[in-house]
Visitor: 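Can you keep this structure in mind? I'll have questions shortly.
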Number of protein chains: 4
Amino acid sequence: MKERTPKYDQRYLAAVDAAAAVFAEKGYHAAGTIDIAERLNIKQGSLYYYFRSKEAALEAVCLEGIRHQISYLQSVMDGENSFAEAIQKLVIYTLSSLEERSDYMIVFDRHRQVIPLEKRGNIRDQSNTYHKLLEDMFEQACQKGELKPGQDIHISVRAFTGLLSSASSWYQMKQSIDLKVVAKQYSDVFLFGSCAV
Amino acid sequence: MKERTPKYDQRYLAAVDAAAAVFAEKGYHAAGTIDIAERLNIKQGSLYYYFRSKEAALEAVCLEGIRHQISYLQSVMDGENSFAEAIQKLVIYTLSSLEERSDYMIVFDRHRQVIPLEKRGNIRDQSNTYHKLLEDMFEQACQKGELKPGQDIHISVRAFTGLLSSASSWYQMKQSIDLKVVAKQYSDVFLFGSCAV
Amino acid sequence: MKERTPKYDQRYLAAVDAAAAVFAEKGYHAAGTIDIAERLNIKQGSLYYYFRSKEAALEAVCLEGIRHQISYLQSVMDGENSFAEAIQKLVIYTLSSLEERSDYMIVFDRHRQVIPLEKRGNIRDQSNTYHKLLEDMFEQACQKGELKPGQDIHISVRAFTGLLSSASSWYQMKQSIDLKVVAKQYSDVFLFGSCAV
Amino acid sequence: MKERTPKYDQRYLAAVDAAAAVFAEKGYHAAGTIDIAERLNIKQGSLYYYFRSKEAALEAVCLEGIRHQISYLQSVMDGENSFAEAIQKLVIYTLSSLEERSDYMIVFDRHRQVIPLEKRGNIRDQSNTYHKLLEDMFEQACQKGELKPGQDIHISVRAFTGLLSSASSWYQMKQSIDLKVVAKQYSDVFLFGSCAV
DNA sequence: TATGAATGAGATTTCATTCAT
DNA sequence: AATGAATGAAATCTCATTCAT
């Protein structure tokens, strides 16, 4: 919508941040553009200087949200990690994202689908990228013999993301428990199962 | 709201069904009372003979949705199942619920929290009941030595429900793979983990 | 938008009427939906019971406006009129429409083109019908030798409608002059010209 | 608003031109100041160096539009033309104006009345001048016996301008027919009528 | 039980305009 | 002369809800 000068970027990012916070707190539909504006200390109409529409604001939040996840995942894959280590790091990162960037996580998780299919291209692209990377990671682990044989990789990936998102729901009712303990157990369930023997 | 004559029950359930379908498809906020009415072939205003308000319709859907889960969970616990068997049955039941009653599952999963805390009593009660039952089940399994030692039961339960809900997201983009195969793998991940050795 | 019961028709027509009046007075864009509502003694939002949108109201006005012109033109063509008589009757009818239904005439004349091309189908259809009828009439007159030879019929028709619309602009600054005198002169100009000899 | 240095004049005229184009295309109300600015490759706010307001831009366009018509009409009257010749020249000039300056013609024709009566002084003055000149011309023709007797001159003038404006509507849907042929027929209708005998 | 008609409060969006830089 | 940022007022439209019939 605008070329990005550094100064503009700063304000724009603040706008995205405000949108994330408001959407996370109230939910996309229940949130009003006026809430976002107020949080930015500007008037409602001025929001449209940053976003073409409320929906565009949501898209911006989602995009910004997933960008971080992708780049961390990328960095984990680039590093020298065993499969088990990688899984643990991703769980930890997800849980700590939930502390530091919870707004973006929640909005992405819960409200992404509000954007109508036709306009979901950008988000879908990013989302696909993320899943593709994960699948690559599982694939490589499989070839190194780090994964149990005979399991469909797509389902494994999905089971893993399901676990991650259950962590998200956990965050909402979190009783202040040590993050690392929780992360350890989550990854252990995924890696080694819950069943004795 | 009304005494339940058989005939009334039938129409009322159709109304709940319609609400579930509409909420699931569009999301609670994006859905209009008019959409529900249209699906019932009645006029917008007439809806108010079935529901005191739109929110009441949501509550009815959620309640109806969880009722099934609870009663199935109850039946599994009453039967003579090992922990592993119980887990498998629950995964299968959830997946097949997603085929047969997906609307209710989706609405409960995604929109339950729209109902303001003050009015969420009924649903919370049911929800608590469900979690409590699950925790009991895990507790018993633990005492029988069927569960790995040293894991926090609350987290295990949550990890399990996270897995279940990942199945929900799977359902939405399902590539028609045999339900039992999928269920097997999902439970295997939970029970035995993904990691070789 | 609604099935037409007689009672509904009456109210609906009143709504179209109000829209016509407001659009004619202020112009489509300068007019607010609230103005129309006020004229109907209902609240702004209630307008949308009758019209899907402000634009739909405009379309309704235009359609209603041209309907009368077409049916009168049709009746003139069905009667036994010489070309000169027909022209005169049409001029008179147009001028008196301007007294009795000026709102519709003005709106059709000035604001029809606000409706975007894609949605102008209905109006264009009616408009084409009107022009087609006129062309038929001129064609027949031509064959009976009532028209000067060597003139392109399309241009003649257009010159005639131009004259009619100049009558419309006349109406706006009308000084109370006898309608029949004016109509006579207008048709005379068209039929016999302004130039001596 | 500014003293007119040659350079300023040039830019100013470009601005008027842009406004004319935009108003003609979208209509005054539907057109935004931003559209005009974009066409000039400047930013919205910068427009206000050329026009005090959007309305002032419209006024400028109208004034510029009619200036040409008046000066041509003046020149025709100053020359030695019979009434029939004068009419023909005016029709031709109008039609070719529609090719070369259609924006100004259209805007003047359709949107002049947007300017509120209080502020319409300038335009009205010019408009009156134009009509007055035409009436003078007809009056003189009448005295020379070039006009049919017994016709009200005001109506004749108006019938003539109606014809001219019908040419305008013709222009919009023009099927590219030779301008002179069209002009000939338009003036013939006005001068000699359409009716045989 | 059902509906037609209306309401009213609020939501998003648009846009001419201003002004410091 | 130009712009980036913001404003504020208004405008259209939506929608859950009500109620007389």
Side-chain angles (χ1 to χ4, degrees), chain A residues 2-3 5 7-8 11-12 15 29-37 40-57, chain B residues 2 5 7-8 11-12 15 28-37 40-57, chain C residues 1-3 5 7-8 11-12 15 29-37 40-57, chain D residues 2 5 7-8 11-12 15 29-37 40-57:
Chain A
K2 290 271 163 181
E3 0 43 290
T5 66
K7 203 159 129 207
Y8 179 75
R11 294 220 182 219
Y12 173 75
H29 279 105
T33 52
I34 201 173
D35 301 318
I36 305 174
L40 279 169
N41 272 99
I42 59 176
K43 297 297 151 62
Q44 191 184 27
S46 312
L47 247 199
Y48 287 72
Y49 192 74
Y50 298 103
F51 305 115
R52 218 185 326 291
S53 67
K54 187 186 176 190
E55 210 177 85
Chain B
K2 281 274 163 180
T5 65
K7 198 160 137 209
Y8 177 77
R11 296 216 198 195
Y12 174 74
Y28 175 76
H29 278 106
T33 53
I34 205 173
D35 300 317
I36 305 174
L40 281 169
N41 273 99
I42 59 174
K43 297 294 151 60
Q44 197 179 19
S46 313
L47 253 195
Y48 287 73
Y49 285 94
Y50 299 103
F51 305 115
R52 204 175 355 279
S53 69
K54 189 188 176 188
E55 211 175 82
Chain C
M1 181 171 190
K2 289 272 162 179
E3 6 34 297
T5 65
K7 204 161 129 205
Y8 178 76
R11 293 221 183 219
Y12 173 74
H29 279 105
T33 51
I34 201 173
D35 301 318
I36 304 175
L40 280 168
N41 271 98
I42 59 176
K43 297 296 151 65
Q44 189 187 30
S46 312
L47 247 199
Y48 287 73
Y49 191 74
Y50 298 103
F51 305 115
R52 221 185 323 291
S53 67
K54 188 187 175 188
E55 208 176 87
Chain D
K2 283 272 165 182
T5 66
K7 198 161 137 208
Y8 178 77
R11 295 217 198 195
Y12 175 74
H29 279 106
T33 53
I34 205 173
D35 300 317
I36 304 175
L40 281 169
N41 273 98
I42 60 174
K43 296 294 152 58
Q44 197 180 20
S46 313
L47 252 195
Y48 287 73
Y49 286 94
Y50 299 104
F51 306 115
R52 205 177 352 280
S53 71
K54 190 187 176 191
E55 212 176 81

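Throughout, a chain's letter reflects where its sequence line sits, starting with A, and its residues are numbered from 1.
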Visitor: Please report the shortest heavy-atom distance between B/Thr33 and B/Gln44, naming the atom on each side.
Guide: OG1-NE2, 3.0 Å
Visitor: Within the 4.0 Å heavy-atom criterion, would you say C/Ala56 contacts the bases, only the backbone, or no part of the nucleic acid?
Guide: nothing
Visitor: Classify the ring geometry of A/Tyr12 against A/Tyr50: parallel below 30°, tilted from 30° to 60°, perpendicular beyond 60°.
Guide: tilted
Visitor: How close do A/Ala15 and A/Leu40 get, heavy atom to heavy atom, and via which atoms?
Guide: CA-CD1, 3.6 Å
Visitor: Could you tell me how far apart C/Ile42 (CD1) and F/dC13 (C1') are, to the nearest whole angstrom?
Guide: 14 Å
Visitor: Need to verify one output field. Residue with the more 5' nearest nucleotide on DNA chain E, C/Ser46 or D/Glu55?
Guide: C/Ser46
Visitor: So which nucleotide from E/dA2, F/dA6, E/dG4 ends up closest to the side chain of B/Lys43?
Guide: E/dG4
Visitor: I want to verify a distance call: between E/dT13, F/dT7, F/dA5, whose nearest atom is closest to the A/Tyr48 side chain?
Guide: E/dT13
Visitor: In whole angstrom, what separates B/Lys54's NZ from F/dA16's P?
Guide: 4 Å
Visitor: Nearest nucleotide by nearest heavy atom, which residue falls closer to the 5' end of DNA chain E, B/Gly45 or A/Gly32?
Guide: B/Gly45
Visitor: Between F/dC19 atom P and B/Leu47 atom CG, what is the distance in whole Å?
Guide: 17 Å
Visitor: Could you state the OH-P distance from A/Tyr12 to F/dA6, rounded to the nearest angstrom?
Guide: 15 Å
Visitor: When you get a sec, tell me which of F/dA1, F/dC13, F/dA5 is the closest nucleotide to the side chain of D/Arg11?
Guide: F/dA1
Visitor: Quickly work out the A/His29 NE2 to E/dG10 P distance and round it to whole Å.
Guide: 18 Å
Visitor: Any N or O donor-acceptor pair under 3.5 Å from the base of F/dA6 to the side chain of A/Tyr49?
Guide: no
Visitor: Using only side-chain N and O atoms of D/Tyr50, determine if any of them is under 4.0 Å from OP1 or OP2 of F/dA1.
Guide: no
Visitor: Looking at A/Leu47 and A/Ile42, what are the two nearest heavy atoms and their distance?
Guide: N-CD1, 3.9 Å
Visitor: Classify the side chain of D/Gln44 versus the base of E/dC15 as yes if they form a donor-acceptor pair under 3.5 Å and no if they do not.
Guide: no
Visitor: Separation of A/Asn41 atom CG from F/dA5 atom P, in whole Å?
Guide: 17 Å
Visitor: Would you verify whether the NZ or CZ of C/Lys54 falls within 45 degrees of the ring axis of C/Tyr48 while also being under 6.0 Å from that six-membered ring's centre?
Guide: no
Visitor: In terms of the nearest nucleotide of DNA chain F, which residue is placed more toward the 5' end: C/Ala30 or B/Ala31?
Guide: C/Ala30
Visitor: In whole Å, what is the span from the CD1 atom of A/Ile34 to the C1' atom of F/dG8?
Guide: 12 Å
Visitor: Could you check which nucleotide pairs with E/dC19 in any of the strands shown, counting Watson-Crick or G-U wobble with both distances under 3.5 Å?
Guide: F/dG4
Visitor: Look at B/Thr33 and F/dA16 and indicate whether a side-chain polar atom (N or O) is within less than 4.0 Å of OP1 or OP2.
Guide: yes
Visitor: Identify whether any heavy atom of D/Ala37 sits under 4.0 Å from a base atom; if not, whether one sits that close to sugar-phosphate; answer base, sugar-phosphate or nothing.
Guide: nothing
